[in-house]
Visitor: 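Let me begin by handing over the structure; questions about it come next.
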Amino acid sequence: MALIITTARDSVQQLPRTVGGRDAAPAEWKAWSEEPGHDLIALDDGGAIGGLHVSLVGRSEAWLEMLRVLPDYRGRGVAAQLVREGEQIARTYGALTLRTAIPANDYAAIGVAERAGLRRVLQCVVLETALSSGPLHLPYDAPSASPSPAAAPEILRFAERTQTLEVWNDLVPLGWRFRRITVDLVRGLITDGRVCLAMQPDARAASKIVSAASQGIAMFNVHEGDAVFSLVDGTPSGMQAAFASAAEAARDHGADRMVIFTPDLHSLDPLDLRTWAPHPWCPEGLVVVEKRLAS
């Protein structure tokens with residue numbers, strides 16, 4: 001086998017997302033992506049036998065995604081070499097942290113990541129359901145609002161105190177990629193209308209939307225009909241109010257399906273998610289692994 005790893009080019013046909021019955025990425029992966037990236041391809045005698053996507057996330061983070069190898073070439077070190085080349089690209093562009101997300105039941109992919117030095121930092125559950133046109137049937141009574149970008153530092157402090165971000169080590173999913181939560185990230189989400197806050201009943205003025213008055217938070221985005229919830233946390237009534245407001249905003253933007261990331265099923269008990277189903281790409285949950293790169 002004369003293995004060559006190179007940047008994908010138009011003259012070579014890349015492997016599809018599903019290879020040998022294994023989905024290398026969820027169906028919505030490309031639709032939810034917001035960052036630039038590079039495609040690597042593994043060649044044997046000029047034909048594609050493997051592939052990997054390297055995404056540059058923020059100023060110092062990179063993700064390895066869509067790792068796939070033809071069945072006849074598995075177990076020969078192709079995946080490991082693709083990961084090494086992907087890590088080198090991440091270093092070239094200044095990334096200090098390398099991450100990837102793997103279905104919890106994909107033990108082969110987890111093994112490849114661990115042998116490359118990536119270590120587990122969190123696990124989560126991904127659920128989905130239809131977003132109907134009728135009422136949400138949530139018993140919420142806390143007022144909610146979209147905060148001002150100027151409130152980003154206060155909102156960050158509130159978010160960092162939630163149980164979700166404590167379990168997730170201050171990482172928050174944006175699409176299928178988890179990122180370190182920062183003031184700039186929160187400010188950008190607020191500016192884009194992707195944050196809803198639930199407040200104490202006496203916090204009527206926008207100037208009072210601060211961490212001390214907040215009861216719940218929902219971070220979300222809408223991608224081609226999908227309302228993707230990155231964070232829903234707070235008191236039970238605060239979670240219900242923030243989630244309901246975000247869902248209504250998502251519906252106004254054309255969403256007809258909801259997907260939510262959560263540490264575990266019990267974290268969302270106040271939302272009564274009995275009609276939600278596990279996402280088919282990761283029915284047993286999602287594992288995020290990470291490697292710190294030398295500067």
Visitor: Would you say the side chain of Arg99 lies within less than 4.5 Å of the side chain of Thr97, judging by non-hydrogen atoms?
Guide: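 Yes, their side chains come closer than 4.5 Å.
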
Visitor: Between CD of Gln215 and OG of Ser237, what distance do you get to the nearest 0.5 Å?
Guide: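 Output value for this atom pair is 4.5 Å.
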
Visitor: Considering only heavy atoms from C-beta outward, does the side chain of Pro263 approach that of Val125 to under 4.5 Å?
Guide: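 The answer is no; the side chains never approach within 4.5 Å.
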
Visitor: Step by step, work out the salt bridge (Lys or Arg N to Asp or Glu O under 4.0 Å) result for Arg257 and Glu28.
Guide: CA-CA 12 Å; Arg257 185 177 74 132; Glu28 321 89 342; 2.8 Å; yes

Visitor: Would you compute the distance between atom CG of Asp39 and atom CG of Leu52 and round it to the nearest 0.5 angstrom?
Guide: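 Asp39 atom CG to Leu52 atom CG measures 8.5 Å (nearest 0.5 Å).
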
Visitor: Under 4.5 Å between any side-chain heavy atoms of Phe178 and Trp63, yes or no?
Guide: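 Yes, their side chains come closer than 4.5 Å.
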
Visitor: Any non-hydrogen side-chain atom of Val289 less than 4.5 Å from a side-chain atom of Ile110?
Guide: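 No; the side chains remain at least 4.5 Å from each other.
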
Visitor: When you check the gap from the basic side-chain N to the acidic O, do Arg194 and Glu34 get nearer than 4.0 Å?
Guide: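 Salt bridge flag = yes for Glu34 with Arg194.
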
Visitor: Would a distance-only check, ignoring hydrogens and angles, find a side-chain to backbone donor-acceptor pair under 3.5 Å from Asp256 to Asp226?
Guide: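 Looks like no, no N/O pair under 3.5 Å.
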
Visitor: Where is the tightest heavy-atom contact between Ile41 and Ala8, given as atom of each residue plus distance?
Guide: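 For Ile41 versus Ala8, the nearest heavy atoms are CG2-CA, 3.9 Å.
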
Visitor: Heavy-atom distance under 4.5 Å between the side chains of Arg179 and Leu171, does that happen here?
Guide: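 They are not in side-chain contact.
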
Visitor: Just grab all the side-chain hydrogen bond (donor to acceptor under 3.5 Å, both in side chains) pairs involving residues 104-119, residues at least two apart or on different chains.
Guide: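 Listed by first then second residue: Arg22-Asp106.
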
Visitor: Determine, step by step, whether Phe261 and Trp168 satisfy the ring pair (Phe, Tyr, Trp, His ring centres under 6.0 Å) criterion, reporting the C-alpha distance in whole Å, the side-chain angles of both residues, the deciding distance to 0.1 Å, and the verdict.
Guide: CA-CA 11 Å; Phe261 290 74; Trp168 283 349; 7.4 Å; no

Visitor: Listing request: all ring pair (Phe, Tyr, Trp, His ring centres under 6.0 Å) pairs with a residue in residues 36-58, at least two apart in sequence or in separate chains.
Guide: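 Only Trp29-His53, His38-Tyr93 qualify under ring pair (Phe, Tyr, Trp, His ring centres under 6.0 Å).
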
Visitor: Find out whether Val259 and Val126 are in side-chain contact, i.e. whether some heavy atom of one side chain is under 4.5 Å from a heavy atom of the other.
Guide: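 Val259 vs Val126: side chains touch.
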
Visitor: Does Glu166 have more than 12 heavy atoms from other residues, nucleotides or ligands lying within 6.0 Å of its CD?
Guide: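 Counting neighbours around CD of Glu166, more than 12 heavy atoms of other residues, nucleotides or ligands fall under 6.0 Å, so yes.
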
Visitor: Look only at the side chain of Asp264 and the backbone of Ser267, and say whether a donor-acceptor pair between them is shorter than 3.5 Å.
Guide: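 Yes, Asp264 side chain to Ser267 backbone: donor-acceptor pair under 3.5 Å.
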
Visitor: Show the nearest heavy-atom pair for residues Cys196 and Phe220, with the distance to one decimal.
Guide: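 Result for this residue pair: SG-CE2, 4.1 Å.
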
Visitor: Quick check: closest heavy atoms across Ala90 and Leu293, and the distance to 0.1 Å?
Guide: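 Shortest heavy-atom contact: CB-CD1, 4.2 Å.
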
Visitor: Is there a side-chain contact (heavy atoms from CB on, under 4.5 Å) between Leu265 and Leu127? Walk through the geometry before answering.
Guide: CA-CA 9 Å; Leu265 294 176; Leu127 305 172; 3.6 Å; yes

Visitor: Can a salt bridge be assigned to the pair Arg84 and Glu87 using a cut-off of 4.0 Å between side-chain N and carboxylate O?
Guide: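 Looking at Arg84 and Glu87, the cut-off is not met.
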
Visitor: Got Val78 and Ile49 here, is their nearest side-chain heavy-atom distance under 4.5 Å?
Guide: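 Sidechains of Ile49 and Val78: in contact.
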
Visitor: I'd like to know if Asp170 and Arg180 make a salt bridge, using a cut-off of under 4.0 Å between side-chain N and carboxylate O.
Guide: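 Arg180 and Asp170: not salt-bridged.
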
Visitor: Any idea which heavy atoms bring Pro283 and Pro278 closest together, and the distance?
Guide: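 In terms of heavy atoms, the two residues are closest at O-CB, 3.6 Å.
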
Visitor: Tell me, do Glu35 and Arg177 make a side-chain contact under 4.5 Å, heavy atoms counted?
Guide: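 Of all side-chain heavy-atom pairs linking Arg177 with Glu35, at least one is under 4.5 Å.
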
Visitor: Under 3.5 Å, is there a donor-acceptor pair between the Glu65 and Ser55 side chains?
Guide: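 Yes, Ser55 and Glu65 have a side-chain donor paired with an acceptor closer than 3.5 Å.
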
Visitor: So, for Arg74 and Val19, which heavy atoms are closest and what is the spacing to 0.1 Å?
Guide: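 Smallest interatomic distance, heavy atoms only, reads NH2-O, 3.1 Å.
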
